[in-house]
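Okay, structure first, notes after.
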Amino acid sequence: MRRLAGLLVVPLLLLSTAACGDDKASDSASPKGDPAITAGAKFGEKPTLAKGEGDPPKELKTDVISEGDGAKLKNGDAIQVNYLGQAWDSTKPFDNSFDRKQPFDLTLGAGMVIQGWDKGLVGQKVGSRVQLVIPPELGYGAQGQGDIKPNATLVFVVDVVKATQIPTSAKGTSVAQDNIDLPKVGTKTDGKAPSVTIPKSDPPKKLVSNYVLESDGAVIKETDSVVVNYVGLLWKGSKPFDSTYQTGKTQTFPLAQVTLKGLKTGLVGKKVGSRVLLVIPPDQAFGNEAQQSIPAKSTLVFAVDLLAKM
């Protein structure tokens, strides 16, 4: 079963993971030679970075430029950051969120970003500005990516804007599932994938978005990013094609970037903490195009736990 997250949202640079490594972060003052911030040094300001001097460090380095007073980040937290990144030997950033005026959302430790981020941000406090110097094996390695050359050492300035602890499951009032022509979704809240039973009848022609468990959380807006667990199946044959439960890692969907129309429409207006059944007809899914294990003209079924919003 292949993950389809990259097909559901517009990909950003940092959504691609890279080579593995075992380097450990070291919280220390930035040594001489590490790129200096020459402008925009305060939290929230777009920084300007100088070029690194001499050879880059061979291990991951974390320099706390200014420490916030919020909670320390842990693996599994849904976090929101602003960042600017450039290569050690360059003065030109290859990416930044400041210009987009939209913080970047991720689940820490979930493999959504390069390893240097997952390793370097753990233990940092919300409200902190941190500089990460990331060796190639914890970045994009020998393959590089886009404007990033192979074996590049990367430098990031990261502002930790927000963090949310993620529950293991949706919780709420069980809602009757009495339409025999729709799938039935399990209501257990043990953090495991809920059961999904799809009927033998023909799928509905219109989008279905129904509560399975209804929470009293905040209503999700189109501008929100939502942290979810989900299982996705084909209506035909009840074959699973994707699941976050298999990896044990949640997925964060910035709804403004979600390209699967039925997924976005079906989640907007629902309440955080709920479990939702989505039945997405082909015209709001992938239409006439096959995608990985999903045949063309497929009706998709999702059971989605809306764990948090950012």
* To do: Mark yes when over 12 heavy atoms from residues, nucleotides or ligands other than K264 sit less than 6.0 Å from its NZ; otherwise mark no.
  => yes
* To do: Decide yes or no for P199 and I180: does some side-chain heavy atom of the first lie under 4.5 Å from some side-chain heavy atom of the second?
  => no
* To do: Following the transitive rule for hydrophobic clusters with a side-chain heavy-atom cut-off under 4.5 Å over Ile, Leu, Val, Met, Phe, Trp and Tyr, establish whether V81 and F156 coincide in one cluster.
  => yes
* When hydrophobic residues are tied together by side-chain contacts of less than 4.5 Å, even through go-betweens, does I114 share a cluster with I79? -> yes
* Is any side-chain heavy atom of L260 closer than 4.5 Å to a side-chain heavy atom of F286? -> yes
* Side chain to side chain, T244 and N229, heavy atoms closer than 4.5 Å -> yes
* Asked: Roughly how far, to the nearest 0.5 Å, is CD of Q291 from CG of D242?
  -> 12.5 Å
* Asked: Considering only heavy atoms from C-beta outward, does the side chain of N210 approach that of V276 to under 4.5 Å?
  -> no
* Structure fact -> Rounded to the nearest 0.5 Å, the NZ atom of K101 sits from the CG atom of N82 at a distance of 10.0 Å
* Asked: Applying the 4.5 Å side-chain criterion to the ILVMFWY set and letting contacts propagate, would L277 and L207 be lumped into a single cluster?
  -> no
* Distance in Å, T250 OG1 paired with D305 CG, rounded so as to fall on 0.5 Å steps -> 11.0 Å
* To do: Supply the atom-to-atom distance D224 CG to K221 NZ, rounded to the nearest 0.5 angstrom.
  => 4.0 Å
* To do: Let me see the working for V212 and Q177 under side-chain contact (heavy atoms from CB on, under 4.5 Å), right down to the final yes or no.
  => CA-CA 7 Å; V212 176; Q177 302 180 70; 3.7 Å; yes
* Structure fact -> Exactly one candidate in Q257, Q80, K162, K309 meets side chain to side chain donor-acceptor pair (under 3.5 Å) with D105; the answer is Q80
* Asked: With a 4.5 Å limit on heavy-atom distance, are the side chains of P57 and W88 in contact?
  -> yes
* Asked: Applying the 4.5 Å side-chain criterion to the ILVMFWY set and letting contacts propagate, would L73 and L307 be lumped into a single cluster?
  -> no
* Determine whether the aromatic ring centres of F241 and F302 lie less than 6.0 Å apart. => yes
* For D147, look at atom CG and say whether over 12 heavy atoms of other residues, nucleotides or ligands are found less than 6.0 Å away. => no
* Going by an N to O cut-off under 4.0 Å, is there a salt bridge joining D77 and K72? -> no
* To do: Taking the side chain as every heavy atom from C-beta outward, state whether W235 and P282 have any pair of such atoms under 4.5 Å apart.
  => no
* Between K271, K171, R275, which is the residue that forms a salt bridge (Lys or Arg N to Asp or Glu O under 4.0 Å) with E214? -> K271
* Asked: Should D95 and R100 be marked as a salt bridge (Lys or Arg N to Asp or Glu O under 4.0 Å) after you check the CA-CA gap, both sets of side-chain angles, and the distance that decides it?
  -> CA-CA 10 Å; D95 191 22; R100 292 191 291 269; 3.0 Å; yes
* **same_hphob_cluster(W117, L108) at 4.5 Å side-chain heavy-atom cutoff** => yes
* To do: Measure from NZ or CZ of K192 to the centre of the six-membered ring of Y245, then state whether that distance is under 6.0 Å and the direction lies within 45° of the axis.
  => no
* Determine whether more than 12 heavy atoms belonging to other residues, nucleotides or ligands lie under 6.0 Å from atom CG of D216. => no
* Asked: Hey, is CG on D99 packed in by over 12 heavy atoms from elsewhere, all under 6.0 Å?
  -> yes
* D159 and F98, any side-chain heavy atoms less than 4.5 Å apart -> yes
* Donor + acceptor pair across side chains of T252, T107 (<3.5 Å) -> yes
* Asked: Does some side-chain heavy atom of R129 sit less than 4.5 Å from a side-chain heavy atom of V157?
  -> yes
